[in-house]
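FYI, side chains are in, hydrogens and waters are out, and symmetry mates aren't considered; it's all heavy atoms of this structure.
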Amino acid sequence: VQLQASGGGLVQDGDSLRLSCAASGRTFSNYAMGWFRQAPGKEREFVALISRSGGSTSYADSVKGRFTISKDNAKNTVYLQMNNLKPEDTAVYYCAATIMGWTTTMHEYNYWGQGTQVTVSS
């Protein structure tokens with residue numbers, strides 16, 4: 001699976017952004033999809049997860065209630081709608097695909113996109 005993330009940018013505190021991750025190469029519906037992020041000087045961390053069918057989701061506590069992950073199997077695309085962004089959300093955001101089906105563990109993800117920068121100014 002090849003993953004291409006897009007949609008990042010520079011926004012202000014309280015703004016919204018929608019990230020997209022387009023997949024190609026294999027059957028998209030076979031994979032659960034996750035979003036992770038890495039801030040400068042910090043380790044990469046889990047943000048959100050969606051199941052193969054799109055029927056189940058999971059979020060990190062830090063983004064729960066503000067971020068929404070969704071998956072369109074017909075378009076081979078996963079989205080991350082980010083509302084009420086805060087400066088601490090500033091990071092490079094990565095989408096990833098796992099054949100495991102349901103995991104927030106990074107090393108269990110088989111494929112990774114290149115990352116898209118999100119910067120939130122105060």
For residues 64-73, which side-chain donor-acceptor pairs fall under 3.5 Å, sequence neighbours excluded?
unit_1 : atom_1 : unit_2 : atom_2 : d
Lys64  : NZ     : Asp61  : OD1    : 3.1
Arg66  : NH1    : Asn84  : O      : 2.9
Arg66  : NH1    : Asp89  : OD2    : 2.7
Arg66  : NH2    : Ser62  : O      : 2.9
Arg66  : NH2    : Asp89  : OD1    : 3.0
Arg66  : NH2    : Asp89  : OD2    : 3.4
Lys71  : NZ     : Tyr31  : O      : 3.2
Lys71  : NZ     : Arg52  : O      : 2.7
Lys71  : NZ     : Asn73  : OD1    : 2.6
Asp72  : OD1    : Ala74  : N      : 3.0
Asp72  : OD1    : Lys75  : N      : 3.2
Asn73  : ND2    : Arg52  : O      : 3.3

Contacts table for residues 2-16: side-chain donor-acceptor under 3.5 angstrom, sequence neighbours left out:
unit_1 : atom_1 : unit_2 : atom_2 : d
Asp15  : OD2    : Gln12  : N      : 3.0
Ser16  : OG     : Asn83  : OD1    : 3.0

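Partners of Glu108 by salt bridge (Lys or Arg N to Asp or Glu O under 4.0 Å), not counting sequence neighbours: none found. With sequence neighbours excluded, the residues that form a side chain to side chain contact (heavy atoms under 4.5 Å, CB included) with Gln38 are Arg44, Tyr94. Remark: Ala32 pairs with Leu49, Thr98 by the side chain to side chain contact (heavy atoms under 4.5 Å, CB included) rule, at least two apart or across chains. Taking Ala39 as the reference, Lys42, Ala91 meet the side chain to side chain contact (heavy atoms under 4.5 Å, CB included) condition, with sequence neighbours excluded. In terms of the side-chain hydrogen bond (donor to acceptor under 3.5 Å, both in side chains) criterion, Glu88 has no residue partners (sequence neighbours excluded).
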Go through Leu80 and Arg37 one step at a time and tell me if the side-chain contact (heavy atoms from CB on, under 4.5 Å) criterion holds.
CA-CA 12 Å; Leu80 186 68; Arg37 66 187 182 185; over 6 Å; no

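Under the 4.5 angstrom side-chain criterion for Ile, Leu, Val, Met, Phe, Trp and Tyr, Met100 has no cluster partners at all.
When every heavy atom of Trp35 is checked against every heavy atom of Ser20, the shortest pair comes out as CH2-O, 3.7 Å.
The list of disulfide (SG to SG under 2.5 Å) pairs with a residue in residues 14-104, not counting sequence neighbours, reads Cys21-Cys95. Applying the side chain to side chain donor-acceptor pair (under 3.5 Å) test to every pair with at least one member in residues 111-122, sequence neighbours left out, gives these pairs: Gln117-Thr119.
Asn110 places a side-chain N or O within donor-acceptor distance of the main-chain N or O of Ile99, the cut-off being under 3.5 Å.
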